[in-house]
Peer 1: 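Following this message is one structure expressed as structure tokens.
Here the structure is a predicted model, which is why all the values come from computation and not from measurement.
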Amino acid sequence: LRNVRPDIALSSDFIVGFPGESDNDFEETMSLVREIGFSQAYSFKFSSRPGTPAAALSNQVPEKEKNERLKRIQQEIKGQQSRFNHQYINQSMPVLFDRLGRKEKQFVGRSPYMQAVHVVSANSLLGKIMDVCIDSVSENSLAGFLNASDITLKNMRVTH
């Protein structure tokens with residue numbers, strides 16, 4: 001896929017500690033995560049639900065092991081997401097603005113890669129697709145300004 005579309009970004013969901021998951025199974029999952037390189041991913045530890053077939057399985061993974069596996073996979077994914085997001089600093093990208101931010105005059109939208117993007121603007125951006133120059137990255141989002149002539153707003157921008 002990346003040979004055909006180098007700009008592709010992949011996301012996934014992972015459940016660790018499903019009954020019967022061996023150490024080798026988990027290491028294969030970690031290998032896959034490292035090989036693919038995700039722009040974002042969600043990860044959870046298996047939790048037994050009464051009355052489900054998985055709850056009745058005898059080879060439950062101990063809670064301590066599930067916690068350790070979840071910590072490892074989330075650490076790897078967090079690093080991949082950070083590297084992915086940082087590549088957009090000083091880049092311009094279209095953003096669809098769909099909600100107000102927490103700060104005054106702040107709007108939040110989504111990039112083509114579903115990253116949250118924060119911008120301050122004196123004018124409403126809701127429902128608009130605008131080009132945003134990304135100038136900072138936080139753990140779960142990006143921030144930027146609408147254009148280089150928007151210096152006043154850039155300087156007053158409230159970080160996310």
Peer 1: Find out if a path of hydrophobic residues (ILVMFWY) with successive side-chain heavy-atom gaps under 4.5 Å connects Val132 to Val108.
Peer 2: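 No, no single cluster joins them.
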
Peer 1: Looking only at heavy atoms, what is the nearest atom pair of Ser39 and Gln81, with distance?
Peer 2: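 Minimum heavy-atom separation between Ser39 and Gln81: O-CG, 3.3 Å.
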
Peer 1: If you count heavy atoms of other groups shown closer than 6.0 angstrom to CZ of Arg2, is the number above 12?
Peer 2: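 Buried by this count: over 12 neighbours within 6.0 Å.
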
Peer 1: Between atom CZ of Arg34 and atom CD1 of Ile73, what is the distance when rounded to the nearest 0.5 Å?
Peer 2: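 Atom-to-atom, Arg34:CZ and Ile73:CD1 are 9.5 Å apart.
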
Peer 1: Does the pair Glu68/Lys45 count as a salt bridge with the N-to-O cut at 4.0 Å?
Peer 2: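 No, Glu68 and Lys45 are not salt-bridged.
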
Peer 1: So, for Phe97 and Val117, which heavy atoms are closest and what is the spacing to 0.1 Å?
Peer 2: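 In this case the closest contact between Phe97 and Val117 is CE2-O, 4.2 Å.
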
Peer 1: Closest approach of Met30 and Glu76, non-hydrogen atoms and distance?
Peer 2: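 Looking at all heavy atoms of both residues, the shortest contact is CE-CB, 3.9 Å.
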
Peer 1: Quick check: do Met130 and Val119 have side-chain heavy atoms less than 4.5 Å from each other?
Peer 2: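 Answer no - side chains too far apart.
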
Peer 1: So, does Arg83 use its side chain to make a donor-acceptor pair with the main chain of Gly79 at under 3.5 Å?
Peer 2: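 Yes: the side chain of Arg83 pairs with the backbone of Gly79.
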
Peer 1: Hey, what do you get for CG (Leu10) to CD1 (Ile36), rounding to the nearest 0.5 Å?
Peer 2: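 Rounded to the nearest 0.5 Å, the CG-CD1 separation comes out at 6.5 Å.
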
Peer 1: Taking the side chain from Gln74 and the backbone from Phe44, do they hold a donor-acceptor pair closer than 3.5 Å?
Peer 2: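 Judged by distance alone, no pair lies under 3.5 Å.
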
Peer 1: Between Ile89 and Leu142, is there a shared hydrophobic cluster once you connect ILVMFWY residues whose side-chain heavy atoms come closer than 4.5 Å?
Peer 2: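 Both belong to a single hydrophobic cluster.
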
Peer 1: When you group the ILVMFWY residues by side-chain heavy-atom contacts below 4.5 Å and let the links chain together, are Leu1 and Val33 in the same group?
Peer 2: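 Both belong to a single hydrophobic cluster.
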
Peer 1: Taking all non-hydrogen atoms of both residues, which atom of Leu57 and which atom of Pro19 are closest, and how far apart?
Peer 2: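 For Leu57 and Pro19, the tightest heavy-atom pair comes out as CD1-CB, 3.6 Å.
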
Peer 1: Nearest 0.5 Å, what's the CG-CD distance between Asn140 and Gln115?
Peer 2: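 If we round to the nearest 0.5 Å, Asn140:CG and Gln115:CD are 11.0 Å apart.
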
Peer 1: Is there a path of hydrophobic side-chain contacts, each under 4.5 Å between heavy atoms, that joins Val137 and Met93?
Peer 2: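 Hydrophobic grouping puts Val137 with Met93.
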
Peer 1: With heavy-atom distances below 4.5 Å as the criterion, would you say the side chains of Leu146 and Leu125 are in contact?
Peer 2: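 Of all side-chain heavy-atom pairs linking Leu125 with Leu146, at least one is under 4.5 Å.
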
Peer 1: Once the angle between the rings of Phe14 and Phe38 is folded into 0 to 90°, is it parallel (under 30°), tilted (30 to 60°) or perpendicular (over 60°)?
Peer 2: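 Ring orientation, 0 to 90° scale: perpendicular.
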
Peer 1: Let me confirm one number: the OG-NZ distance from Ser121 to Lys128, rounded to the nearest 0.5 Å.
Peer 2: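 Going from the OG atom of Ser121 to the NZ atom of Lys128 covers 7.5 Å.
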
Peer 1: Taking Asp7's backbone N and O only, do any of them form a donor-acceptor pair with Tyr113's side chain (distance below 3.5 Å, no angle check)?
Peer 2: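 Confirmed, Tyr113 side chain pairs with Asp7 backbone.
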
Peer 1: Minimum heavy-atom separation for Arg99 and Ala116, please, with both atom names.
Peer 2: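 Distance-wise, the nearest heavy atoms are NH2-CB, 4.3 Å.
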
Peer 1: Indicate yes or no: does Glu63 engage Lys66 in a salt bridge with an N to O separation below 4.0 Å.
Peer 2: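 Salt bridge between Glu63 and Lys66, a charged N being under 4.0 Å from a carboxylate O: yes.
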
Peer 1: Looking only at heavy atoms, what is the nearest atom pair of Asp131 and Ser92, with distance?
Peer 2: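 Closest approach of Asp131 to Ser92, heavy atoms only: CB-OG, 3.8 Å.
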
Peer 1: Could you check whether any side-chain heavy atom of Gln91 comes within less than 4.5 Å of a side-chain heavy atom of Ile134, counting everything from C-beta outward?
Peer 2: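 The answer is no, as the side chains (C-beta and beyond) never meet within the 4.5 Å cut-off.
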
Peer 1: About how many Å separate CD1 of Ile77 and OG of Ser82, when rounded to the nearest 0.5 Å?
Peer 2: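 Atom-to-atom, Ser82:OG and Ile77:CD1 are 13.5 Å apart.
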
Peer 1: Just wondering, do Glu21 and Ile15 contact through their side chains at under 4.5 Å, heavy atoms?
Peer 2: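 Heavy-atom side-chain distance check fails, nothing below 4.5 Å.
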
Peer 1: So, taking the atom named OG in Ser11 and the one named OH in Tyr42, what distance separates them when rounded to the nearest 0.5 Å?
Peer 2: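 If we round to the nearest 0.5 Å, Ser11:OG and Tyr42:OH are 6.0 Å apart.
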
Peer 1: Would you call Phe46 and Gln60 a side-chain contact if the rule is heavy atoms closer than 4.5 Å?
Peer 2: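 Yes, at least one pair of side-chain atoms sits under 4.5 Å.
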
Peer 1: List the steps, then state whether side chain to side chain contact (heavy atoms under 4.5 Å, CB included) holds for Arg72 with Thr29.
Peer 2: CA-CA 11 Å; Arg72 282 186 58 203; Thr29 299; over 6 Å; no

Peer 1: Just by distance, do the side chain of Glu35 and the backbone of Ser31 share a donor-acceptor pair under 3.5 Å?
Peer 2: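 It does not hold such a pair.
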
Peer 1: Should the heavy atoms of other residues, nucleotides or ligands under 6.0 Å from CG of Leu70 be counted, would the total exceed 12?
Peer 2: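 Check passes, neighbour count above 12.
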
